[in-house]
Number of protein chains: 2
Amino acid sequence: MLFSEMGFDGATVDAIARRAGVNKAMISYHFAGKHGLYTAILTRDFEWAQERLSELDTGIIRADTKLARFVAIFGDLHVRHPHLSTMMLREAMSGGRHLDAILVPHIRRIFERVQAILAQGEREGTLRRVDPLMTHHIVLGSLAFFFAARPLRDRMIAEGIVAVEPPDPARFVSTLQELLARGLAKES
Amino acid sequence: MLFSEMGFDGATVDAIARRAGVNKAMISYHFAGKHGLYTAILTRDFEWAQERLSELDTGIIRADTKLARFVAIFGDLHVRHPHLSTMMLREAMSGGRHLDAILVPHIRRIFERVQAILAQGEREGTLRRVDPLMTHHIVLGSLAFFFAARPLRDRMIAEGIVAVEPPDPARFVSTLQELLARGLAKES
DNA sequence: GTCTATAGGCTGATAGAC
DNA sequence: GTCTATCAGCCTATAGAC
């Protein structure tokens, strides 16, 4: 996806239309312009994400299990919607320059979910007390970076600049899950 | 910095020159065009980073201490050179579209440093055996994201969308150091 | 070294035929 | 709904005066 690879300014309507096999004018007709298309993509991806995350809306599951599920859902999200991480990273860096106001609550809700899991863990005694905002950045940042950095990583691997195998997303998810399980456990 | 906030395509030479208080033509004259300026900035920042990281080039320090130092150095790097994380994140996402070939070895060297610390920790018995590439992504991704996401985070805090205080970089560094110390310790 | 003026190319959007 | 043709605006780079 061009918005993902090139950013809002780097992706031209002409190139987007060509890759989609449609006419340039169709984008204005169906999405009210470049910005409308951009917002439509992010809205679709965020709604998919929120629906998957609503699995966690129950008190029955333990917080440490919820955190592991949260990481797994985000891993799955990035595999299925690989554009969301890159588009959101770009928005984060630009202060949301191209971010429509209707998308902002989605971001807030994801942070609130991490906050809720950590608070539950503290109440239950399954997770040690940590700063929710800092932990949110570690969890989301690790995940977003792993998936977003794929283009350069793949290139460096292909060109033999780093001598590693292309990493498996599932393995990254389990590595992060284990680090968090050990690192956030009540007593160590 | 405009490359940082807007990306290579979003930042116009006109705007860069205006903010720097110089004439548009001066950028072509001194840096051989927009791309030359971009490469000059990244070269300067990377060289500064490598010099700071060379502190870790000794076997005397324990690997778990080195890892904490690595995180602290990167935290300091992002505070002093806040453009490096955002510019590199954008390059990572675009497969290095605007990345001059002379900058690629810098990226490899940073990964090799993480690899060396983890290998030392395993030999010494101070760190448990983990995948170096995955761990590299967790450490660098957490740090890059925390600092790169500042524009949107600050905006959401200022607008009262999330009810938190602007986070202190030093506190983020210590939170990450503690998570890694507990999460990567030999026995838990 | 520094500036203004301008060339030459590309961009997003749309009018209007079908 | 879909296309082609085109416009007005913006971009980078540079020629040439000082």
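The model shown is predicted, which means the values in this text are computed figures rather than measured ones. Quick note on labels: first sequence line is chain A, next is B, and so on, each numbered from 1.
- In terms of the side chain to side chain contact (heavy atoms under 4.5 Å, CB included) criterion, residue partners of B/Gln120 (sequence neighbours excluded) are, by chain and number, B/Ala63, B/Lys66, B/Arg123, B/Glu124.
- Here salt bridge (Lys or Arg N to Asp or Glu O under 4.0 Å) pairs that include residues 77-93 of chain A, with residues two or more places apart or in two chains, are A/Asp76-A/Arg80.
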At under 4.0 Å between heavy atoms, which parts of nucleotides 4-18 of chain C does protein reach? Answer with one letter per nucleotide, 5' to 3': B base, S sugar-phosphate only, - none. B------SBBB----
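- With rounding to whole Å, A/Arg18 atom CZ is found 18 Å from D/dT2 atom C1'.
- In this structure, B/His30 places its NE2 atom 15 Å from C1' of D/dT14, rounding to the nearest Å.
- Remark: A/Glu47 engages no residue in a salt bridge (charged side-chain N to carboxylate O under 4.0 Å, His left out) (not counting sequence neighbours).
- Under the side chain to side chain donor-acceptor pair (under 3.5 Å) criterion, A/Arg171 pairs with B/Asp131, not counting sequence neighbours.
- Residue pairs meeting the salt bridge (Lys or Arg N to Asp or Glu O under 4.0 Å) criterion with at least one partner in residues 132-148 of chain B, sequence neighbours excluded, do not occur; the list is empty.
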